[in-house]
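Structure first, then comments.
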Amino acid sequence: MKQLSIKVQKNYVLIYCALLLFTLGKALYRINISVPDSLTNRLILMSCIVMLIHKLLIERSSNKKGLLLFIGISAILFVDSIPSGAHELLYLFIIIWSIHGNDLNKIVKFEFWIILIITLTTLILVGVNIIDNKYVLQNDVRARWCLGFVSWTILPFQYNALVFGYTYFYQKKIKLWQVIPLELIGFLIYRMTDTKTSFIVLTIYLLIYFSLRNKLINLKKYRMVLTFLPWLIAAESFVIVLLYEKGNQFLQNIDVLINWRLLYSAKSIAQMGIHFLSRIIEWTGDVFVDNCYINILITWGIVGLLFVLFIYSYLIYFFAKKNDLIMLMILIITVCLGVLWDRMINYPEVYFVLYFSSFFEKNFKRLRP
């Protein structure tokens, strides 16, 4: 038994190395240090190459259907990325596909620890003045510290993602009193970054989590309805912007409360249009879209949006079918928050999309959340 355990661990060495390279490459885009884009691109590309070598030449575990799906989806994403030259969705898909057939819980938990270590290292380097703690005074009123990242919004949502992972993977060990330090850290981050939404999301999640984690709720009968939730929210986002453009007074009043998000969405669509494939976008202070669905549509085109919606629809269906209430809650929070923040494809915040790899499994029973 001991030899078997060692053998299994060896099989994950290349996967873990590739994930480390991929996550580090993604993190360097977000940390406030001067690193050439060529370096981060090479790290990400190298991680994809290592993953493919492991899957196709060493592991050789993919079935024909999964391989054909991989080739087809990869080709579509590659074509989609040609106009913009940005291959982020393609690289993410390669990583996701390459880990199928392995213990996904073990892999996603490893990813959780990578993100935690990178986050803590960044904060330590800020504390010893190696990384600059950028300060932004927005509109002469809102004082916001970036805490070592290029934007003040990164750490709050990355912290939430870490709390999601911690409460999911260690739910049997977590006690009710532990919500206090989790909330206190979230509150401190909120006070320094002035990101109220992320703290509200954290608080709501923890309250629901400790209320429902031991409850037995049959979600299977709702899975078909829940599966279409990302598509319904995306459609609602476009309809609301359309009504706003036509002068709906109620929506214009609401827009004041949500910092003119509808105005920016409407201006962006009017100026940049909607295209089938991705395109080069230069976001400015005057034209930026926080709504993730509209942001993806403008940046990655219809093809990119359909890909992202399919991933989240499948994940919701899959975890509802397994009656996994906690992961389902994380997914629903993510797709609902997409209306206000563009976080749905912000890796490593959404590292749980790695579970989409189960779509290529012959036998779904291998995955036991």
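As the structure is a prediction and not an experimental result, all values here were calculated from the model.
Atom CD1 of Ile311 and atom CG of Leu92 lie 6.0 Å apart (nearest 0.5 Å). Note: Cys48 SG to Ile94 CD1 = 4.5 Å, rounded to the nearest 0.5 Å. Remark: Leu67 CG to Lys55 NZ distance equals 10.5 Å, nearest 0.5 Å. Note: Leu89 CG to Ile96 CD1 = 9.5 Å, rounded to the nearest 0.5 Å. Note: Ile316 CD1 to Asp324 CG = 12.5 Å, rounded to the nearest 0.5 Å.
Considering every non-hydrogen atom in both Leu116 and Leu162, the closest pair reads N-CD2, 3.7 Å. Of all heavy-atom pairs spanning Thr193 and Ile189, the tightest one is OG1-O, 2.6 Å. Summarising the geometry of Ser98 relative to Leu52, their closest heavy-atom pair is OG-CD2, 3.8 Å, with the distance given to 0.1 Å. For the pair Leu182 and Leu202, the tightest heavy-atom approach, listed with the atom from each and the gap, is O-CD2, 3.9 Å. The two atoms that bring Leu309 and Pro230 nearest to each other are CD2-O, 3.6 Å, heavy atoms only. Across all non-hydrogen atoms, the minimal contact from Glu236 to Val339 is OE1-CG2, 4.3 Å.
Ile15 and Ile117 fall into different hydrophobic clusters, where Ile, Leu, Val, Met, Phe, Trp and Tyr residues are linked whenever their side-chain heavy atoms come under 4.5 Å apart, directly or through other members. Note on Val136 and Leu155: separate hydrophobic clusters, where clusters join Ile, Leu, Val, Met, Phe, Trp and Tyr whose side-chain heavy atoms are under 4.5 Å apart, directly or indirectly. If you chain together hydrophobic residues whose side chains sit under 4.5 Å apart, Val128 and Trp145 fall into the same group. One hydrophobic cluster, built from ILVMFWY side chains closer than 4.5 Å, holds both Leu45 and Ile53. Connection of Leu77 to Leu68 is not established within any shared hydrophobic cluster, with ILVMFWY side chains joined at heavy-atom distances below 4.5 Å, either directly or through further cluster members.
Between Tyr312 and Phe352, the ring planes lie perpendicular to each other; the angle is over 60°, past the 30° to 60° tilted range.
Using a 4.5 Å heavy-atom threshold, the side chains of Thr122 and Ile131 count as touching. By the 4.5 Å heavy-atom criterion applied to side chains, Leu24 and Ile114 are not counted as neighbours. Side-chain contact check for His275 versus Ile302: every heavy-atom pair is 4.5 Å or farther apart. Annotation: side chain of Ile240 is in contact with side chain of Leu262 (closest heavy-atom distance under 4.5 Å). Side-chain contact check for Leu147 versus Val126: every heavy-atom pair is 4.5 Å or farther apart. Residues Ile82 and Leu277 are not in side-chain contact: their nearest non-hydrogen atoms beyond the backbone lie 4.5 Å or more apart. Taking 4.5 Å as the limit, every side-chain heavy atom of Ser47 sits out of range of all side-chain heavy atoms of Leu19. Side-chain contact between Val179 and Leu207 is absent, with no heavy-atom pair separated by less than 4.5 Å.
Aromatic ring centroids of Tyr347 and Phe22 lie under 6.0 Å apart. Aromatic pair Phe319/Tyr355: centroids less than 6.0 angstrom apart. Aromatic pair Phe360/Phe93: centroids less than 6.0 angstrom apart. The six-membered or imidazole ring of Phe359 lies near that of Phe310, with a centre-to-centre distance under 6.0 Å.
In this structure a side-chain-to-backbone donor-acceptor pair under 3.5 Å is missing from Asn32 to Gly148. Checking side-chain atoms of Arg144 against main-chain N and O of Asp194 turns up a donor-acceptor pair under 3.5 Å. Between the side chain of Asn102 and the backbone N or O of Ile99, at least one donor-acceptor pair lies under 3.5 Å. At least one donor-acceptor pair closer than 3.5 Å links the side chain of Tyr293 to the backbone N or O of Val335. A donor-acceptor contact shorter than 3.5 Å links the side chain of Ser313 to the backbone of Thr227. Between the side chain of Thr167 and the backbone N or O of Phe164, at least one donor-acceptor pair lies under 3.5 Å. A donor-acceptor contact shorter than 3.5 Å is absent between the side chain of Tyr244 and the backbone of Ser265. A donor-acceptor contact shorter than 3.5 Å links the side chain of Ser81 to the backbone of Phe78. The main-chain N or O of Pro83 is never found under 3.5 Å from a side-chain atom of Arg279 such that the two would form a donor-acceptor pair. The closest donor-acceptor contact from the side chain of Glu245 to the backbone of Leu242 lies at 3.5 Å or more, if one exists at all.
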Residue pair Leu14, Ile58: steps toward the side-chain contact (heavy atoms from CB on, under 4.5 Å) verdict
CA-CA 10 Å; Leu14 280 180; Ile58 298 175; 3.4 Å; yes
Test side-chain hydrogen bond (donor to acceptor under 3.5 Å, both in side chains) on Ser237 and Asn291 and set out the steps.
CA-CA 8 Å; Ser237 297; Asn291 184 301; 3.1 Å; yes
Determine whether Trp341 and Thr334 satisfy the following criterion, side-chain contact (heavy atoms from CB on, under 4.5 Å), listing intermediate values before the conclusion.
CA-CA 9 Å; Trp341 294 94; Thr334 303; over 6 Å; no
With side-chain contact (heavy atoms from CB on, under 4.5 Å) as the test, would you mind laying out the steps for Glu349 and Ile115 before giving the verdict?
CA-CA 8 Å; Glu349 286 175 28; Ile115 298 165; over 6 Å; no
Take Ser198 and Tyr159, measure what side-chain hydrogen bond (donor to acceptor under 3.5 Å, both in side chains) needs, and give me the verdict at the end.
CA-CA 9 Å; Ser198 63; Tyr159 173 71; over 6 Å; no
Are Trp97 and Leu69 close enough, and set up right, to give a side-chain contact (heavy atoms from CB on, under 4.5 Å), and what steps lead you there?
CA-CA 10 Å; Trp97 179 83; Leu69 278 170; 6.0 Å; no
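Within a 6.0 Å sphere centred on CZ of Phe228, other residues, nucleotides and ligands contribute 12 heavy atoms or fewer.
Cation-pi contact between Lys109 and Tyr170: present, with separation from the ring centre below 6.0 Å and deviation from the ring axis of at most 45°. Relative to the six-membered ring of Tyr12, Lys106 meets both conditions, a distance below 6.0 Å and an angle of at most 45° to the axis.
Among Phe187, Tyr205, Phe157, the single residue meeting the ring pair (Phe, Tyr, Trp, His ring centres under 6.0 Å) criterion with Phe199 is Phe187.
Counting only N and O atoms by type, the side chains of Tyr166 and Gln178 include a donor and acceptor under 3.5 Å apart. Between Trp152 and Thr195, the side chains place no donor N or O within less than 3.5 Å of an acceptor N or O (distance only, hydrogens not considered). With hydrogens and angles left out, the side-chain atoms of Thr23 and Tyr351 include no donor and acceptor closer than 3.5 Å. Under the 3.5 Å distance criterion, with hydrogens and angles disregarded, no donor-acceptor pair is assigned to the side chains of Asp37 and Tyr29. Between the side chains of Asn346 and Gln158, not a single donor N or O lies within less than 3.5 Å of an accepting N or O.
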